[in-house]
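Side chains included, hydrogens not; waters and symmetry mates left out as well; all remaining heavy atoms used. Residue numbering restarts at 1 for every chain, and letters A, B, ... go by the order of the sequence lines.
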There are 2 protein chains.
Amino acid sequence: EKVAAMNAKKALQKKLEGGDEAEKPGKFVLKCPKGTRDYGAKAMAVRESVLKIMTDTFKRHGAETIETPVFELRDVLLGKYGEEGGKLVYDLQDQGGELLSMRYDLTVPFARFLAMNKVSAMKRYHIARVYRRDQPVMTRGRYREFYQCDFDIAGTYDSMIPEAECLKIMDEVLDALDLGEYTIKLNHRLMLDGMFAVIGSDDSQFKSVCASVDKLDKEPWEKVEKELINERGLTPDAAARLGSFVRFRELNPDLDNVAVLDQMMLIPELAANAKFKKGVEEIKLLLTYCTAFGVSNAVRVEPSLARGLDYYTGSIYEAVIPNGLPGVADDEGQPVGVGSVAGGGRYDGLVGMFAAKANVPCCGVSFGIERLFAIIEAKNTAEQAAIRTSSTQVFVASAQKNLLQQELKDGVVKLRNTQSREETTVKLDELESTLTRMLAA
Amino acid sequence: EKVAAMNAKKALQKKLEGGDEAEKPGKFVLKCPKGTRDYGAKAMAVRESVLKIMTDTFKRHGAETIETPVFELRDVLLGKYGEEGGKLVYDLQDQGGELLSMRYDLTVPFARFLAMNKVSAMKRYHIARVYRRDQPVMTRGRYREFYQCDFDIAGTYDSMIPEAECLKIMDEVLDALDLGEYTIKLNHRLMLDGMFAVIGSDDSQFKSVCASVDKLDKEPWEKVEKELINERGLTPDAAARLGSFVRFRELNPDLDNVAVLDQMMLIPELAANAKFKKGVEEIKLLLTYCTAFGVSNAVRVEPSLARGLDYYTGSIYEAVIPNGLPGVADDEGQPVGVGSVAGGGRYDGLVGMFAAKANVPCCGVSFGIERLFAIIEAKNTAEQAAIRTSSTQVFVASAQKNLLQQELKDGVVKLRNTQSREETTVKLDELESTLTRMLAA
């Protein structure tokens with residue numbers, strides 16, 4: 001009886017997990033681990049086309065690439081992702097020897113790489129999978145094992161030059177991917193610090209308040225305000241004040257990037273805050289480079305942009321596709337492509353966590369490739385594009401059993417053009433010239 | 001006192017593991033997990049050049065590529081690698097949910113992929129890292145995390161056609177890599193089965209006897225014979241008889257491939273064994289295709305070739321570079337490049353272990369890329385080849401602080417040719433035409 005109940009439970013679980021039916025009772029369910037997927041030939045072809053655009057761009061900017069182990073010593077990752085992130089790290093079983101964990105992103109391994117190999121300057125990209133024991137939402141492209149594509153500049157340069165190159169790269173990649181209109185939101189950690197100091201919020205609240213503010217691109221202010229008061233512990237006055245700062249762009253839609261910054265500096269408490277002032281100066285310098293690099297049209301100063309990670313110390317940025325692609329919808333009819341597709345910022349303290357005496361300032365950008373794959377796949381479906389999964393143009397056809405041997409004896413082969421499906425019988429000694437002719441046609 | 005002893009032990013361990021010194025006492029050692037490595041920009045450039053040769057070859061043969069998760073349900077891997085292999089699998093910690101293990105090779109995940117997705121025919125390549133908790137010998141290119149590069153043909157085809165394509169691909173890749181002379185050894189699982197049956201060895205001994213016989217390419221017969229008698233439990237008569245079979249090629253150096261097979265078939269007990277006879281017929285058919293495909297010069301029938309893995313059911317093959325590369329030595333002055341660089345065979349039962357009703361016959365080849373990387377790296381060092389780690393040809397130079405801003409005001413940039421290191425100052429509006437001219441030169 002107990003066994004029957006367990007079997008029923010197992011069968012239900014199977015169904016919920018979407019795995020194939022087991023062949024016979026007692027045999028395990030044939031499936032990928034929760035939150036992971038196979039990339040079949042079609043998905044790989046899409047993946048390769050997207051990655052080629054990215055790597056071409058990175059190489060044009062003179063970047064090198066590296067690879068690091070898929071797992072790190074547990075101590076390397078410990079304490080780098082905050083409390084929430086830390087919980088989501090995959091640990092390996094202790095089988096004797098070192099304690100290991102799967103990488104959670106590519107940034108911390110890069111910092112470890114720089115510190116360990118005493119590299120003080122490097123422009124590198126890294127495309128690889130990372131691991132998070134998150135609740136997967138696979139229909140929306142959220143997996144436990146997923147690709148990240150990072151470009152970072154490590155080393156000491158003139159202020160804001162590396163940031164300008166990161167924004168330029170975001171612009172070039174998104175332009176080449178041809179996904180319609182996009183915006184690159186831009187803010188500064190020091191500006192956020194300044195705003196929070198002015199409203200009297202203390203450091204311990206900083207992260208949770210940021211998390212609420214960051215929701216402003218999806219939720220109305222009223223909802224965020226309630227959360228700030230009821231869950232984050234701000235007074236109604238402080239929340240209102242913070243709202244007037246972080247919504248400055250939204251409330252003044254006619255101002256351009258520089259004007260937003262200048263007008264915020266007219267608020268005496270903000271202007272008097274050294275951090276806020278420094279942040280504004282850096283962003284203004286960055287905007288001059290954006291103009292020089294021809295990316296200022298896409299860039300939009302956005303005081304509400306917060307981003308989650310602890311380790312940012314300077315400018316932060318995020319590319320969003322504000323509207324769904326025209327005519328492109330997912331299985332449930334929802335528009336595809338809304339939301340963040342890339343983001344990054346400056347993190348000057350991370351390498352120093354591994355090698356205090358040899359700290360290296362860094363800034364970078366990470367592309368959300370899984371989402372980009374999903375968008376391109378949906379776009380291809382909408383446009384009914386045929387995906388070629390192999391590079392075959394013409395091949396030798398041998399449809400019947402033992403035919404090939406007969407053909408070898410006769411000294412002929414049958415060629416099939418994979419596009420027209422036309423078949424031709426060719427003598428072996430004319431094969432090369434025929435192939436050359438067909439492929440050139 | 002106890003603490004001091006522990007610290008001393010830790011310091012010693014650090015030294016043994018070759019990690020960097022810790023910055024301060026109590027801080028962990030900054031290193032990669034045991035048996036793993038970072039691939040810096042130079043190693044990645046070598047890796048890319050090797051992989052391009054391989055992927056170009058696979059694509060020319062019409063192959064598609066896939067990717068599977070880096071870990072699988074533990075049950076998927078269980079029992080597929082024999083007792084020895086099973087011990088070397090990395091397990092993930094049970095953090096609630098499914099029990100997972102890191103992939104040990106790419107073949108079992110491919111079989112799982114075919115069974116789960118009900119794919120009955122596919123020509124695919126897969127280049128990715130696999131994980132084995134082996135004793136690493138990193139100076140010899142033996143790691144715990146290492147790349148494999150597999151090409152496999154799944155599906156029902158005319159006998160020996162897929163094998164012929166695998167051999168052709170081995171030949172094309174090794175030819176393109178330009179590593180000097182190589183030999184592709186060829187044998188058949190059924191021929192081995194037949195030989196073992198004739199000497200009266202039982203199935204339970206098969207694997208351990210194979211392991212001993214497989215050492216014949218490195219060790220003299222006398223040593224292998226002793227091992228067969230003392231450790232594997234063969235009688236001296238049986239061992240001597242087996243020696244006369246597996247050394248047939250070695251003892252008859254003037255015979256060509258077909259003659260070796262024909263002469264072995266003149267031994268009455270072998271000729272009377274149905275398995276041996278079938279194996280010989282298949283290899284002879286394969287040799288006719290090898291001639292037609294132009295690879296027969298590299299192929300050498302070798303009755304002693306056994307290969308470790310349980311799952312082979314038909315022909316098996318292995319490419320070796322018999323001599324070191326001229327002038328290429330490792331740090332210890334030993335020749336580099338000796339030994340096996342690729343291998344594979346037919347495994348018709350593996351997919352059926354996942355889906356008994358939908359079995360798919362398969363055969364394939366796996367390239368030992370870590371060894372190939374090591375050989376190419378040593379060759380480059382010997383030839384003092386300059387490795388380019390970025391694709392930059394000309395770049396904008398800005399040597400002094402704030403110079404870029406001044407140049408932007410003046411409307412000029414300084415270009416540097418990365419090969420000649422020559423610098424030129426160019427007006428912004430002439431930049432495009434100048435770059436075009438410089439890159440075309």
Side-chain angles (χ1 to χ4, degrees), chain A residues 20 23 28 30-34 36-41 44 59-60 62-73 75-76 90-95 97-98 100 112-113 115-117 122-124 129 133 145 158 161 288 292 354-357 389-392 395 398 401-402 404-405 408, chain B residues 20 23 28 30-34 36-41 44 59-60 62-73 75-76 90-95 97-98 100 112-113 115-117 122-124 129 133 145 158 161 288 292 354-357 389-392 395 398 401-402 404-405 408:
Chain A
D20 281 5
E23 290 281 313
F28 67 91
L30 206 52
K31 65 187 281 294
C32 291
K34 186 177 178 186
T36 70
R37 61 179 283 203
D38 290 322
Y39 292 77
M44 287 299 276
K59 285 180 180 174
R60 206 163 53 232
E64 305 173 316
T65 188
I66 68 167
E67 179 56 294
T68 64
V70 79
F71 37 61
E72 295 276 351
L73 296 185
D75 283 339
V76 166
Y90 275 97
D91 292 328
L92 271 84
Q93 194 168 300
D94 180 4
Q95 293 171 287
E98 301 158 337
L100 307 175
R112 194 268 306 146
F113 173 91
M116 187 176 120
N117 298 298
M122 183 176 206
K123 200 186 272 189
R124 84 92 180 75
R129 293 192 291 190
R133 293 183 57 256
E145 174 186 54
D158 284 1
I161 296 285
T288 66
F354 296 112
K357 289 171 197 162
T389 57
S390 77
S391 312
T392 314
F395 69 90
S398 172
K401 226 171 151 53
N402 299 320
L404 183 56
Q405 260 190 293
L408 285 173
Chain B
D20 282 4
E23 290 279 314
F28 66 92
L30 205 54
K31 66 187 282 293
C32 291
K34 186 177 178 184
T36 69
R37 61 177 283 202
D38 290 321
Y39 292 78
M44 287 298 277
K59 285 179 180 174
R60 204 163 53 232
E64 304 172 316
T65 188
I66 67 166
E67 178 55 295
T68 63
V70 78
F71 39 60
E72 295 276 350
L73 294 187
D75 283 340
V76 166
Y90 275 96
D91 292 327
L92 271 82
Q93 193 168 301
D94 181 4
Q95 293 170 286
E98 302 157 338
L100 306 176
R112 193 268 306 147
F113 173 91
M116 186 176 121
N117 298 298
M122 183 176 206
K123 199 186 275 190
R124 84 90 180 76
R129 293 192 292 190
R133 293 182 58 257
E145 174 186 54
D158 284 2
I161 295 286
T288 66
F354 297 111
K357 290 172 195 160
T389 57
S390 78
S391 312
T392 314
F395 68 90
S398 171
K401 226 171 152 53
N402 298 320
L404 183 57
Q405 260 191 293
L408 285 173

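Closest non-hydrogen pair, A/Pro33 versus B/Leu73, comes out as CG-N, 3.8 Å. Between A/Asp38 and B/Met116, the shortest heavy-atom distance links the atoms OD2-CE, 4.0 Å. Considering every non-hydrogen atom in both A/Arg129 and B/Thr68, the closest pair reads NH2-O, 2.8 Å.
Put simply, of A/Leu100, A/Thr36, A/Val70, the one with the most heavy-atom pairs under 4.5 Å next to chain B is A/Val70. When each of B/Arg112, B/Met122, B/Arg124 is scored by its heavy-atom pairs under 4.5 Å with chain A, the top score falls to B/Arg112. Taking A/Gln95, A/Met44, A/Lys123, A/Glu145 one by one and counting their heavy-atom pairs under 4.5 Å with chain B, the maximum is reached by A/Gln95.
Remark: B/Glu64 engages no residue in a salt bridge (Lys or Arg N to Asp or Glu O under 4.0 Å) (not counting sequence neighbours).
When heavy atoms are compared at a cutoff of 4.5 Å, A/Arg133 approaches chain B solely by way of its side chain, counted from C-beta outward.
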